[in-house]
Amino acid sequence: MARILRVALPVPLYTCYDYLPPPGPAPAGAGRGCRVRVPFGRGRRVGVVVGTGDHTGVPRHKLRRAQAWLDPAPLLDEPLLSLLEWAAGYYHHPLGEVLDAALPTLLRQGEPAEWRAREHWFITAQGRETDPSELKRAVRQAQLLARLQAAGERGLDAAELAEIPGQARRAARALADRGLAVSEQRANPELLEGEGCEPRPEPLPEQQAVLDRLQAAGDGFQPILLEGVTGSGKTEVYLRATEQALAAGRQVLLLVPEIGLTPQLLHRFRRRLAVPMAVFHSGLNDRERLDAWLAAREGRARVVIGTRSAVFAPLPEPGLILVDEEHDTSFKQQDGFRYSARDLAVMRARRLGVPVLLGTATPSLESLQNALSGRYAHLHLRHRAGGAAMPSFRVLDVRGRPLREGLSPALQEAMATHLAADGQVLLFLNRRGFAPTLLCHECGWVAECRRCDARYTWHRRAGRLRCHHCGDERPVPRACPDCGSVDLRAVGQGTERVERALAELYPQVPVLRIDRDSTRRRGALDALLAEAGRPGPRILLGTQMLAKGHHFPDVTLVGVLDADHGLYGADFRALERMAQLLIQVAGRAGRAERPGEVLIQTHHPEHPLLHTLLGQGYDAFARAHLEERRAAGLPPFAAMALLRAEAVQAGQARGFLQAAAERARALTGSEAGGVMVLGPVPAPMERRAGRYRAQLLLQAGRRAALHRLLERWVPGLSELPAARQARWSLDVDPQDMF
DNA sequence: AGCACGCCGACT
DNA sequence: GTCGGCGTGCTC
């Protein structure tokens with residue numbers, strides 16, 4: 001064994017630390033990629049060995065000995081570890097924290113990277129004979145007994161037990177005491193096993209073209225932007241491509257945005273593919289997450305599906321990476337290690353020499369530009385399966401119109417027509433709560449968050465004022481705190497308010513509100529979606545949640561209540577986001593026999609890009625918008641990095657950024673020309689959660705120039721005296737300017 | 001990030 | 001006279 005170990009530790013420091021190897025003989029596979037437990041300061045940490053050697057610049061007396069090897073062989077294989085090192089460099093983030101983001105919690109805590117036997121519960125013969133109602137007062141036990149009876153021979157594993165509300169394990173032990181249930185330890189938790197029972201439709205020519213392209217790539221890197229409208233069969237391409245890779249003995253990684261929102265996609269993979277799969281989603285507990293990670297690492301899971309962080313899933317036999325809805329902003333981590341899972345997926349594919357397929361109906365301008373410039377292959381699915389027509393768009397000019405709780409007469413008329421014809425209506429309003437503002441009609445006071453530069457949203461049903469930015473909450477005042485008037489009024493519309501209005505306007509039509517408030521309870525979203533899927537007239541009203549993943553075949557009319565917000569947003573990406581949202585929302589509607597209609601309410605009906613989008617489609621819009629970005633020198637024609645800072649006092653954040661800016665300007669002058677240092681400026685919402693925020697933007701025409709500067713600049717920032725009073729973070733390729 | 005060390009105000 | 005405020009420096 002080498003005499004010195006270089007260890008990355010989970011601390012926000014840009015240096016690795018050198019240690020002597022642990023006492024005793026090293027395991028045969030010990031070395032780079034293994035975890036070690038080391039003394040650090042006066043505590044102990046779990047670190048990852050990133051290098052070994054015989055020399056160190058650390059003076060002898062400082063060098064300490066690692067305590068123990070935690071892995072007999074590398075936990076992270078070379079391709080994955082070097083990807084993480086690359087990512088740490090690209091995002092200018094400490095390697096130890098990058099590794100931390102990539103590893104399941106239990107592994108970070110030093111848990112062995114092994115399956116652990118888990119409890120599995122079964123019904124006994126006596127339990128089978130017992131009527132649950134006999135356990136009168138023990139309701140939980142009675143419920144569990146019924147579940148165990150239903151589960152039969154299969155029984156319930158620890159994970160299933162954990163999903164039952166209440167203290168199910170306690171109830172299980174109580175049943176065991178009565179002789180109604182038994183448990184046994186199972187060494188190998190079962191993996192999710194696909195059923196492979198769904199028929200495999202013959203690929204259409206456009207779909208076949210994608211598959212041919214992937215086949216031709218063989219063992220090589222091949223990025224493909226797959227642009228296909230909703231219903232054009234992207235999922236079928238994913239499935240076929242996955243089958244091809246599986247047949248070649250390879251694993252497939254599928255990244256999806258917020259998995260809870262795409263059960264339909266998951267369901268299809270499960271039905272179609274008869275292989276073990278590992279699914280990473282937010283509902284997993286630490287042990288389940290580790291199990292999924294190990295299943296991927298051991299190659300037992302042939303398909304790995306997950307959200308953002310699944311891009312770091314270990315894959316010993318990678319063959320294909322798929323990114324669904326590649327434009328989705330949830331692929332970008334918004335705090336700490338701010339990586340883009342989509343971009344890392346492409347880099348990982350490139351380093352592994354495997355194809356990567358980015359699918360979407362509305363490509364991000366970044367990916368589109370990569371396709372147009374020839375860096376990515378650009379393939380289309382232009383036809384909706386079964387020949388369904390795309391919905392027709394109509395802009396509703398609401399200027400000067402009498403709006404009833406945000407609904408124009410024209411929209412109400414259209415709704416009446418569609419509902420009378422047995423169609424469903426989907427209304428989109430990206431604002432939950434009853435009203436975004438509570439105003440005193442007497443003196444003009446508005447309810448403002450005490451910790452943010454924002455207004456409280458009035459949640460009428462809950463009887464609370466809530467700040468959507470910091471989560472602060474308080475009761476609704478009965479009278480104005482300034483003048484004592486009781487004439488407090490709601491200004492503006494949220495989903496709760498529109499829901500009320502709809503109940504009055506269409507008393508005979510059920511209204512389903514789908515937003516974060518109405519789906520907070522476990523299973524509530526599934527229940528609402530099931531309800532929405534039933535035939536018959538119905539109004540679906542919701543926020544962003546409605547725009548993603550789900551398809552509502554009986555919806556024939558989509559109404560976008562307020563498109564104005566996106567048209568003149570502060571962020572240069574607002575328009576791109578708006579266009580993607582409009583197309584995605586529109587894609588929720590209609591099927592073969594009943595093409596949908598989309599109505600968009602706006603005060604800016606003349607907006608040129610709205611015209612292009614609705615008249616000529618997303619592609620035309622995107623190309624026109626790309627030209628604007630090019631002319632303005634904005635991404636994807638420029639590289640950006642945003643240094644954010646926040647502090648208790650307004651001047652502290654700014655002071656730090658000012659010092660940082662001076663350093664950056666000194667560096668751009670000499671070594672790293674071509675980088676603009678813009679700011680510091682206050683953040684768009686300067687005060688948030690009681691802290692003042694400011695930011696400094698770095699922009700360069702060439703990515704390489706930006707990175708040359710960042711390399712010299714970032715590691716020294718924490719040494720600036722002003723850095724003490726501010727909390728700061730760097731965001732490379734920021735998606736939001738907030 | 002933690003966590004020590006280290007010098008100046010209100011308290012058993 | 002002490003307990004404790006958070007400024008500053010370090011962690012192999």
Side-chain angles (χ1 to χ4, degrees), chain A residues 1-24 26 30-71 81 84-85 87-88 91-110 333-339 643-656 658-660 663 689-693 714-731:
Chain A
M1 193 62 224
R3 292 204 294 266
I4 300 293
L5 308 179
R6 169 142 294 181
V7 180
L9 292 167
V11 286
L13 301 168
Y14 286 92
T15 40
C16 287
Y17 287 82
D18 289 347
Y19 287 89
L20 298 167
R32 179 172 150 89
C34 291
R35 291 171 302 159
V36 281
R37 191 181 297 282
V38 296
F40 187 69
R42 69 190 312 280
R44 310 172 342 146
R45 297 290 160 111
V46 174
V48 174
V49 175
V50 294
T52 57
D54 291 322
H55 302 284
T56 174
V58 178
R60 252 241 160 60
H61 67 277
K62 281 191 163 181
L63 207 57
R64 296 168 81 180
R65 190 169 287 284
Q67 290 168 329
W69 291 100
L70 296 178
D71 297 302
L81 183 53
L84 293 167
E85 286 173 328
Y91 291 104
H92 299 274
H93 200 80
L95 178 59
E97 292 204 326
V98 171
L99 288 161
D100 230 34
L103 289 174
T105 312
L106 290 176
L107 294 179
R108 295 199 309 252
Q109 293 168 353
Q333 170 102 10
Q334 291 296 4
D335 54 74
F337 171 36
R338 295 172 181 258
Y339 63 96
L643 184 66
R644 303 161 201 270
E646 56 171 60
V648 185
Q649 289 167 39
Q652 292 172 326
R654 252 194 120 112
F656 164 68
Q658 192 58 53
R663 267 209 168 187
R691 303 178 73 89
Y692 290 86
R693 311 176 311 144
V714 179
L717 289 177
S718 42
E719 277 135 50
L720 291 173
R724 294 193 186 290
Q725 287 98 275
R727 192 186 296 168
W728 61 272
S729 71
L730 181 75
D731 191 348

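Owing to the predicted nature of the structure, the values given are computational and were not obtained by experimental measurement. Every chain is numbered from 1 and lettered A, B, ... according to where its sequence line falls, protein lines coming before strand lines.
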Query raised in the report: Looking at B:dG2, C:dT11, C:dC12, which one has an atom nearest to any side-chain atom of A:Lys62?
Result: C:dT11
Report task. For A:Pro10, answer base if it contacts any base atom (sugar-phosphate contacts may also be present), sugar-phosphate if it contacts only those atoms, and nothing otherwise; contact means non-hydrogen atoms under 4.0 Å. Result -> nothing
Query raised in the report: Separation of A:Phe40 atom CZ from B:dA4 atom P, in whole Å?
Result: 14 Å
Query raised in the report: What is the nucleic acid contact for A:Tyr19, judged by heavy atoms within less than 4.0 Å: base, sugar-phosphate only, or nothing?
Result: sugar-phosphate
Query - Any side-chain heavy-atom pair of A:Arg654 and A:Gln658 under 4.5 Å - result: no
Query raised in the report: A:Ile4 near the nucleic acid: base, sugar-phosphate alone, or nothing, with a heavy-atom cut-off under 4.0 Å?
Result: nothing
**Report entry** Note: A:Glu646-A:Arg693 ion pair, threshold 4.0 Å (strictly below)
**Finding:** no
Query - Separation of atom CG in A:Asp54 from atom P in C:dC12, rounded to whole Å - result: 21 Å
**Report entry** Length of the CZ-C1' vector between A:Arg724 and C:dG9, whole Å
**Finding:** 7 Å
Report task. May I have the distance from A:Tyr17 (atom OH) to B:dG2 (atom P), rounded to whole angstrom? Result -> 14 Å
Query raised in the report: Can you check whether A:Tyr339 reaches A:Val98 side chain to side chain, under 4.5 Å on heavy atoms?
Result: no
Report task. Could you check how far CD of A:Gln649 sits from P of C:dC6, rounded to whole Å? Result -> 13 Å
Query - Nearest-nucleotide comparison on DNA chain B, the residue closer to the 5′ end among A:Leu13 and A:Arg42 - result: A:Leu13
Report task. Return the value, rounded to whole Å, for the distance between atom CZ of A:Arg6 and atom C1' of C:dC12. Result -> 9 Å
Report task. Count the heavy atoms of every other residue, nucleotide or ligand shown that sit under 6.0 Å from CZ of A:Arg65, and state whether that count exceeds 12. Result -> yes
